[in-house]
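These notes are about the structure you will find just below.
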Amino acid sequence: MNQDELKKQVAAAAIEYVESGTIIGVGTGSTANYFIDALAKIKGKIDGTVASSVASAERLKSHGIPVLELNQAGQLSVYVDGADEANEFLQLIKGGGGALTREKIVAAASDRFVCICDESKLVKVLGAFPLPLEVIPMAQSYVARELVGLGGQPELRQGFTTDNGNIILDVKGLEILEARKLESELNNLAGVVSVGIFANRPADVLLLGTAKGVETRTAT
Ligand code: 5RP
């Protein structure tokens, strides 16, 4: 099975976590897109969705799936989204698609976070994938200097503006051994909107697409 087939398989498995008559959160990226396509087949079962990006909202609407604002929807039963890296504690790096801030909000407002990944995303230590930070444009240089001080090598994501009108700094060279601490520390830098470490609110369930089938993991 190639990586796309693994993503499709794990996205289909996440449908089991969708409860009838509820509003669910839907993530962003290629794995989340496969989930949206699978959700289209059971769309009559749910009351609606909240999307973590404009792109996902468009895809949901193209399937005739209702998309609501989070402020109208209230608490969500489940949030289903991919990740760029996941560790055994179900702490994640997200934001490869630049949607990290809305992803973090939707995850926070959900009873359960089901992360869907192919097995290549499982790592011992987070940080080989460059860590995305959404930053207010005027804080770019200040935040970049602070990141260098912490041992990182920040790079501006060229030609990219987030759905919230901000920039993304992708940070290489961070070995993230204390994910919760670093998430809080980076969140405290003035001008940082959000950090792509999802450790203070990790996933509750990790569905991992492997050549042998879908593996279900909960935090160890
Ligand atoms: C988008 C994300 C995605 O979940 C992450 O980048 C994984 O994407 P893909 O499913 O395409 O591998 O965080 O901001």
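In each ligand, atom 1 is the first atom listed, and ligand 1 is the first ligand listed.
Taking a cutoff of 4.0 Å between a charged side-chain nitrogen and a carboxylate oxygen, Arg112 and Glu19 do not qualify as a salt bridge.
Protein residues lining ligand 1, listed by chain and number: Lys7, Thr28, Gly29, Ser30, Thr31, Asp81, Gly82, Ala83, Asp84, Lys94, Gly95, Gly96, Gly97, Gly98, Ala99, Glu103, Lys121 [non-hydrogen atoms, distance under 4.0 Å].
Remark: Glu175 pairs with Val125, Leu177 by the side-chain contact (heavy atoms from CB on, under 4.5 Å) rule, at least two apart or across chains. Listed by chain and residue number, Arg102, Glu134 satisfy the side chain to side chain donor-acceptor pair (under 3.5 Å) test with Asn164 (two or more places apart in sequence, or in another chain). Tyr79 meets the ring pair (Phe, Tyr, Trp, His ring centres under 6.0 Å) test with Phe113; sequence neighbours excluded.
A donor-acceptor pair under 3.5 Å is absent between the side-chain atoms of Gln140 and the main chain of Pro137, judged by distance alone. Although no hydrogens or angles enter the test, the distance criterion places a donor-acceptor pair under 3.5 Å between the side chain of Ser56 and the main chain of Gly27.
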